[in-house]
Amino acid sequence: MTENMANMENKEALTAANFVHAAINEDLLNNRFGPRVHTRFPPEPNGYLHIGHAKSICLNFGTALLYNGLCNLRFDDTNPSKEEIEFINSIQEDVHWLGFDWDDRMFFASDYFEAMYQFAVELIQNGDAYVCQLSADEMRQYRGTPTEPGKSPYRDRSIEESLAMFTAMREGKYEDGACTLRAKIDMGSPNFNMRDPVLYRIQRSEHHRTGNDWCIYPMYDFAHPISDALEGITHSICTLEFEIHRPLYDWVLDHISVDCHPRQIEFARLNLTGTVMSKRRLRRLVEEGYVNGWDDPRMPTICGLRRRGYTAAAIRDFCERIGVAKSNSTVDYSMLEHCIRDDLNNTAYRVMAVLDPIKVVITNYPQGKTEMLPADNNPQCPEQGKRLLPFSREIFIEAEDFMEEPPKKYYRLTPNGEVRLKHAYIIQCNEVVKDEKGNIIQLNCTYDPTTKSGEDTSGKKVKGTIHWVEAASAVPAEVRLYDNLFTVDNPEDVTEGVDFTDNLNLESLKIIGRALVEPSLAMAMAWERVQFMRHGYFMTDPDSTPEKLIFNRIVSLKDSWAKMQQTEK
RNA sequence: UGGGGUGUAGCCAAGCGGUAAGGCAACGGUCUCUGAAAUCGUCAUUCGAUGGUUCGAACCCAUCCACCCCAGCCA
């Protein structure tokens with residue numbers, strides 16, 4: 001007995017997390033494909049992968065993992081006019097980065113062009129396909145309406161003639177578009193996909209793999225079921241818009257000589273609030289310069305999320321949490337944010353960075369003295385150890401952590417008020433220094449030596465603790481704050497006359513040129529993720545160097561104070 | 001309009017004739033040397049609507065309504 005069948009005896013294995021797994025369980029129980037589960041992720045190499053693809057990748061590869069099965073990577077490259085090698089590489093990189101692997105099972109639909117051709121010949125020989133000479137325009141006219149059947153004057157062409165013409169098509173005897181091979185199914189079907197769908201078209205464009213070997217290329221509806229069958233796929237998981245193609249998928253496999261007939265199962269694609277997912281619109285964002293390329297940290301592409309600082313684990317967790325179902329839905333972006341916060345909360349070092357510095361002089365602290373204060377790298381995780389932070393007479397704090405006229409419940413520094421400096425001492429503000437225009441340029445404070453972190457003997461309790469950096473050792477850095485690309489939840493839903501770019505968030509990127517970070521970050525390497533305490537999670541951009549540190553904000557920390565302030569307004 | 005789908009909380013989503021899981025968000029409390037995290041609690045008398053079957057319906061039946069998809073020689 002195989003492992004899967006043994007699992008099926010186990011009642012728990014029967015509890016499916018989603019309807020796809022329920023269908024697989026049913027097939028396993030009925031021995032529909034024996035004990036095997038074999039899926040595939042079949043992108044067309046014509047663009048970069050995005051978070052919606054991640055859902056499909058997690059479903060397909062995750063399902064294979066769950067059932068001890070296999071998942072292939074297959075490029076659906078049946079339309080050479082749209083596809084490029086660049087995308088074949090980026091797709092592999094992204095799938096690997098997400099944590100999945102296809103071993104030696106990377107395939108191309110184009111691997112099967114010869115086999116597909118032979119299957120097409122078989123269809124013609126059986127009277128199930130014919131060569132049609134309707135032009136594209138004519139075919140549209142002849143298609144019929146929902147209630148009236150379509151027609152083609154060529155559908156009764158003899159088998160011999162179709163065979164000869166199909167051979168001639170392959171040999172390049174016809175101009176592009178002069179004729180097509182069509183399945184002979186049902187011109188009266190209410191499902192237009194069954195009204196003698198085109199199987200092959202003539203298209204002279206160089207294919208990235210087969211070069212100029214072919215001038216005829218199979219259509220998706222013909223190529224996909226055959227590719228699945230030849231690879232021994234058991235469950236062909238795709239998105240909802242292909243549901244109406246399923247009868248054709250099944251028809252193809254029922255009319256050619258293959259012994260594998262995978263089950264196609266459709267699920268709803270992912271939509272996320274505040275962003276767009278369609279290839280066309282993502283391309284416009286890049287090409288019209290609204291973002292800086294496909295991997296701009298604001299893009300919902302896998303490479304964009306990666307550069308933003310998202311982890312693969314967080315994206316996988318997200319895909320797990322949103323579930324798999326058949327209803328069109330738009331997941332709230334906060335779900336994704338929760339996943340990355342949750343991951344980084346456990347792993348990221350807590351460090352201090354001041355984004356909008358204001359100088360604080362601790363007037364009673366000895367001139368020239370510097371002490372090294374121990375700081376937990378991650379209080380969630382003591383085994384991550386401690387580091388030493390320099391502290392001396394002059395430091396910088398966040399400008400918003402001081403207010404001359406504080407609102408109620410303001411726990412930070414105020415004139416004559418006290419706050420704790422994280423990992424250091426409690427200080428009191430004694431004097432506010434302003435320039436001639438009245439701008440605050442410095443705060444003069446005193447510290448209480450008995451309040452040192454870890455050895456506080458004062459018994460003092462203060463409401464607020466703020467972060468800071470020591471003036472002499474602080475390292476300048478550029479910090480890039482990212483926000484949603486759009487100001488509306490569903491930017492793809494636009495009323496007529498409105499372009500989706502009209503809803504672009506003009507403040508989706510804020511660059512802070514003169515932030516100061518603690519000295520432990522001076523040698524930060526690219527791709528390092530940290531928490532800037534009280535700010536959020538950040539990652540050093542791949543372009544960051546010790547000479548010029550650049551931090552991308554992955555996600556802010558939740559901020560109930562800010563929220564409170566907002567609701568008061 | 002013909003066909004294929006889908007409607008469960010602000011957003012996802014379980015549920016499969018026995019009396020509405022879970023997560024995100026939100027809102028309160030506790031704790032806190034991160035206004036974070038953690039933690040405790042609140043959040044659908046009702047499942048698109050209306051009828052019907054049943055002792056009993058989100059689940060079965062009927063009718064209606066809303067939304068999505070198909071009518072490319074794209075995938």
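The shown structure was predicted, so the numbers you read here are calculated from the model rather than taken from an experiment.
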Ring geometry between Y217(A) and H207(A) (parallel below 30°, tilted from 30 to 60°, perpendicular above 60°): parallel

Residue matched to rU50(B) through Watson-Crick or wobble contacts both under 3.5 angstrom: rA62(B)

Aromatic ring pairing Y425(A)/Y447(A), orientation class (parallel under 30°, perpendicular over 60°, tilted between): perpendicular

Heavy-atom protein contacts under 4.0 Å, nucleotides 7-16 of chain B, coded B base, S sugar-phosphate only, - none: ----SSSS--

Pairing partner (Watson-Crick or G-U wobble, both distances under 3.5 angstrom) of rC67(B): rG5(B)

Rounded interatomic separation in angstrom, taking CD from E148(A) and P from rG3(B): 15 Å

Heavy-atom donor-acceptor pair, H535(A) side-chain to rA36(B) base, under 3.5 Å: no

Same-atom distance (P) from rA20(B) to rA58(B), integer angstrom: 9 Å

Distance test, side-chain N/O of R201(A) to OP1/OP2 of rA75(B), below 4.0 Å: yes

D342(A) CG to rA38(B) C1', straight-line distance once rounded to whole Å: 12 Å

Length of the line joining K82(A):NZ and rC74(B):P, which is rounded to integer Å: 8 Å

Nucleotide forming a Watson-Crick or wobble pair with rU32(B), both distances under 3.5 Å: none

P gap between rG72(B) and rC64(B), integer Å: 29 Å

base_contact_polar (rG35(B) base, R412(A) side chain, donor-acceptor, <3.5 Å): yes

Any T78(A) side-chain nitrogen or oxygen under 4.0 Å from OP1 or OP2 of rA75(B): yes

Candidate nucleotides rC73(B), rC70(B), rC24(B), ranked by approach to the side chain of H338(A) - the nearest: rC24(B)

Distance, P atom - from rC43(B) to rG22(B), rounded to whole angstrom: 12 Å

Presence of R341(A) side-chain N/O under 4.0 Å of rA36(B) phosphate oxygens OP1/OP2: no

rU34(B) to rA49(B) separation - P atoms, rounded to the nearest Å: 48 Å

Any R280(A) side-chain N or O less than 4.0 Å from OP1/OP2 of rA75(B): no

Separation between the P atoms of rC24(B) and rU42(B), rounded to whole Å: 16 Å

Aromatic ring proximity, centroids under 6.0 angstrom, F242(A) and Y249(A): no

rU32(B) OP1/OP2 closer than 4.0 Å to side-chain N/O of K461(A): no

rU53(B) to rC12(B) separation - P atoms, rounded to the nearest Å: 35 Å

Output field: ring centroids F75(A)/F87(A) closer than 6.0 Å: no

Distance, C1' atom - from rG15(B) to rC70(B), rounded to whole angstrom: 31 Å

Rounded distance in Å between the C1' positions of rU8(B) and rA66(B): 15 Å

Among rC69(B), rG3(B), rA71(B), the nucleotide that comes nearest once only the side chain of R143(A) is considered: rA71(B)

Nucleotide opposite rG17(B) in a Watson-Crick or G-U pair, distances under 3.5 Å: none

Check: F391(A) ring centre within less than 6.0 Å of Y365(A) ring centre: yes

